[in-house]
Amino acid sequence: MNNVIDVKQLTKRFGNFTAVDHISFEVAEGEIFGFLGANGAGKTTAIQMLCGISKPSEGNGTVAGYDILRENEKIKRNIGYMSQRFSLYEDLKVWENIRLFGGIYGLKDKEIAEKTDELLHRLNFEGEHNSLVRYLPLGWKQKLAFSVAILHTPKIVFLDEPTGGVDPIMRRQFWEMIFEAASRGITVFVTTHYMDEAEYCDRVSIMVDGRIDALDSPQTLKKRFRADTMNDVFHQLAKKAKRMEN
Amino acid sequence: MEAKNNSQFSIFNSQLPIVNCQSLSLAYGAVEALKGITFSVGKGEIFGLIGPDGAGKTSLFRILATLLLADSGSASMKGLDVVKDFKKIRRIIGYMPGRFSLYPDLSVEENLTFFATIFGTTIRENYDTIRDIYKQIEPFKTRRAGALSGGMKQKLALSCALIHKPEILILDEPTTGVDPVSRKEFWDILKTLKSQGITILVSTAYMDEAGLCDRVALIQQGSILTIDTPQGITAAYPHRLYAVSSADNYQLLNELRKNPEVRSAYIFGEALHVCFSGEPIFPEGVDFNEIAASVEDCFIEKLF
């Protein structure tokens, strides 16, 4: 089994503050990996290092087969990324967003045209081809954003709180898109504050004060912490945090 | 007249409602944000407005906070009209918008002093009201508000909304993007405020927070789907609901959806939640048991 993420002792310091403190883990191809932690635990900083945006202070490893210290430009081209805050350009039309991101990821015009049709068909969005993204309902935007993030069939897609504020049906439809992408071999790395969504992951890590305090399948974690739900597991671990959120 | 009102609102211990909306409607161009919203809230209640982004929660709260005018309908806060008496209303309500709206270049303490001064009071005079919340950020009182973490900004915003001892607190999605542990802490704070007699209107997209409210309105696309106590909402769930699971829930889900007897099937944490049109039939080798519906199941049923 190939590992799409393989990092050792990854650390990030800002002055005296150690935001990410020697984390090591692997994520296998096609896995849905949940990356949990309280606000301020260091998740965002860790993701920035994995995506090649921020240089680690210490540690090493590979993402999508590329070295995170030396090949961060190649990493950026071979991953997908979507967050709740930024995913699409609101002032561009649906097709323009697809065209833009396809171009950024180096797809050829013909490929983009084919993929645009296929994507709009799969989402049942044909009628919205020319709509400005700002007028789409949030749930639709998130589905479109996810499809655009995996337009170039990356090895791995990073989803940072993709379902915040979405209605319960759309949230589930979004997760079914995740299952579908994973079944096609795209590795999914996802953060969420919805603990029911932690249950949908193959494995889950929980960060506390910059370290990974637990990493296993939801079933195993629940057994180990004698908890009925991932919510209980999360509370048990996150309550131990000493670091003042700052 | 008085008697009639009392019987109408007998649920509130024969008190008149402190918040009252009648047929509020609002459109932004062709988009109908609110389509005839009617509800009332009793003094001291925690009233939850539960619904996804775009449901109309912010528009509704802005009307009640006298910051936005409805196209039609009326609303009152403690008997004061949101249009005619807006100045009086602003003295008795505290409003915490969804977006951070403090002055990022002022320090923590300066922001709080600013809001206290506007309302003709001082931090010292009302320190008791905010103590539990403010003491958590007081060690950072000289820090610029813009440089605070998300959790601390939220606590400062709540302190600023409380500094004039409001009778009604309006909180627009205070827990969005907040982790489960901090969310629980925030709800503990709300319980304390309720015990001081403050009426709280709070909106959230997290269905699991419904259970922490005295009553909730489920809202979607500008319309209220239902208003009740959380227990009342779940008790009214009209079907027998089963939690069903196997080694591969996604595969099981696709299998169940092919069965015409399955009314609805969707993922829900570690299991699938399934309703049948007729008698329940389960595929071989799956685990299943009948369960009580949660507020989220009820919301899904209403949207179904």
Side-chain angles (χ1 to χ4, degrees), chain A residues 32 36-41 43 84-85 135-142 160-161 163-173 175-176 178-180 182-183 191-200 207-208 218-219 222 228-241 244-246, chain B residues 30-31 50-55 57 98 136-137 139-140 143 147-152 154-155 173 175-185 204-208 220-221 245 248-251 253-254 264-273 294-304:
Chain A
I32 300 175
L36 310 184
N39 301 111
K43 295 191 303 289
Q84 195 201 346
R85 255 166 260 138
Y135 297 122
L136 295 181
L138 178 72
W140 289 34
K141 268 185 220 172
Q142 299 301 77
D160 197 0
E161 287 185 45
T163 56
V166 177
D167 82 49
I169 290 183
M170 281 287 188
R171 204 152 70 78
R172 285 168 173 81
Q173 289 174 352
W175 269 91
E176 289 182 29
I178 292 179
F179 294 143
E180 197 271 329
S183 73
T191 74
T192 180
H193 288 317
Y194 288 99
M195 288 303 117
D196 59 329
E197 295 183 353
E199 310 267 4
Y200 307 148
M207 271 187 96
V208 181
Q219 293 80 351
K222 283 184 280 184
D228 288 337
T229 61
M230 281 304 294
N231 193 40
D232 292 345
V233 174
F234 186 90
H235 277 264
Q236 285 185 42
L237 281 166
K239 261 192 288 190
K240 286 191 217 149
M244 178 76 191
E245 216 193 312
N246 59 7
Chain B
V31 181
I50 319 268
D53 284 8
K57 305 189 298 291
Q136 299 175 45
I137 48 172
F140 309 97
R143 187 178 291 187
L148 294 175
S149 72
M152 293 204 285
Q154 182 202 39
K155 283 171 186 143
E173 296 208 32
T175 56
T176 291
V178 176
D179 71 70
V181 173
S182 311
R183 287 206 281 140
K184 188 176 176 301
E185 285 173 11
T204 179
Y206 290 104
M207 303 283 148
D208 58 350
Q220 168 82 343
Q221 291 181 356
S245 59
D248 186 344
N249 280 345
Y250 182 50
Q251 194 198 334
L253 178 69
N254 288 327
S264 66
Y266 48 88
I267 51 174
F268 204 112
E270 60 181 352
L272 306 176
H273 284 188
S294 66
V295 169
E296 186 152 0
D297 291 302
C298 297
F299 201 100
I300 290 170
E301 170 62 25
K302 301 265 178 204
L303 298 183
F304 185 62

Q: Counting only heavy atoms closer than 4.5 Å, note whether B:V178 contacts chain A via side chain, backbone, both or neither.
A: both
Q. Chain A heavy atoms under 4.5 Å from B:E173: which part of the residue, side chain, backbone, both or neither?
A. neither
Q) Any idea which of B:D53, B:L253, B:V31 has the most non-hydrogen atom pairs under 4.5 angstrom with chain A? A) B:D53
Q | Expected output: side-chain B:D179 to main-chain A:L36 donor-acceptor under 3.5 Å | A | no
Which heavy atom of [X] sits nearest to which heavy atom of [Y], and what is that distance?
{"X": "A:F234", "Y": "B:P180", "result": "CE2-CD, 3.5 Å"}
{"X": "A:E161", "Y": "B:G177", "result": "OE1-CA, 3.9 Å"}
{"X": "B:A205", "Y": "A:G165", "result": "CB-CA, 3.8 Å"}

Q. Are side-chain heavy atoms of A:R172 and B:I300 found at a separation under 4.5 Å?
A. yes
(Q) Quick check: do A:L138 and B:P52 have side-chain heavy atoms less than 4.5 Å from each other? (A) no
Just verifying a value: how many Å separate [X] [atom1] and [Y] [atom2], rounded to the nearest 0.5 Å?
{"X": "B:D208", "Y": "A:N231", "atom1": "CG", "atom2": "CG", "value": "7.0 Å"}
{"X": "A:F179", "Y": "B:N249", "atom1": "CZ", "atom2": "CG", "value": "8.0 Å"}
{"X": "A:Y200", "Y": "B:Y250", "atom1": "OH", "atom2": "OH", "value": "13.5 Å"}
{"X": "B:N254", "Y": "A:E176", "atom1": "CG", "atom2": "CD", "value": "7.0 Å"}
{"X": "B:I267", "Y": "A:R171", "atom1": "CD1", "atom2": "CZ", "value": "8.5 Å"}
{"X": "B:M207", "Y": "A:D167", "atom1": "CE", "atom2": "CG", "value": "7.0 Å"}

Q | A:P218 versus chain B, the contacting section by heavy-atom distance below 4.5 Å | A | neither
Q. What pairs of residues pass the salt bridge (charged side-chain N to carboxylate O under 4.0 Å, His left out) test when at least one of them lies in residues 228-239 of chain A, not counting sequence neighbours?
A. none
**Q.** B:S264: side chain to side chain contact (heavy atoms under 4.5 Å, CB included) partners, not counting sequence neighbours
**A.** B:Y266, B:C275, B:F304
Q: Output the option from A:E180, A:K222, A:E199, A:Q219 having the highest count of non-hydrogen pairs under 4.5 Å with chain B.
A: A:E199
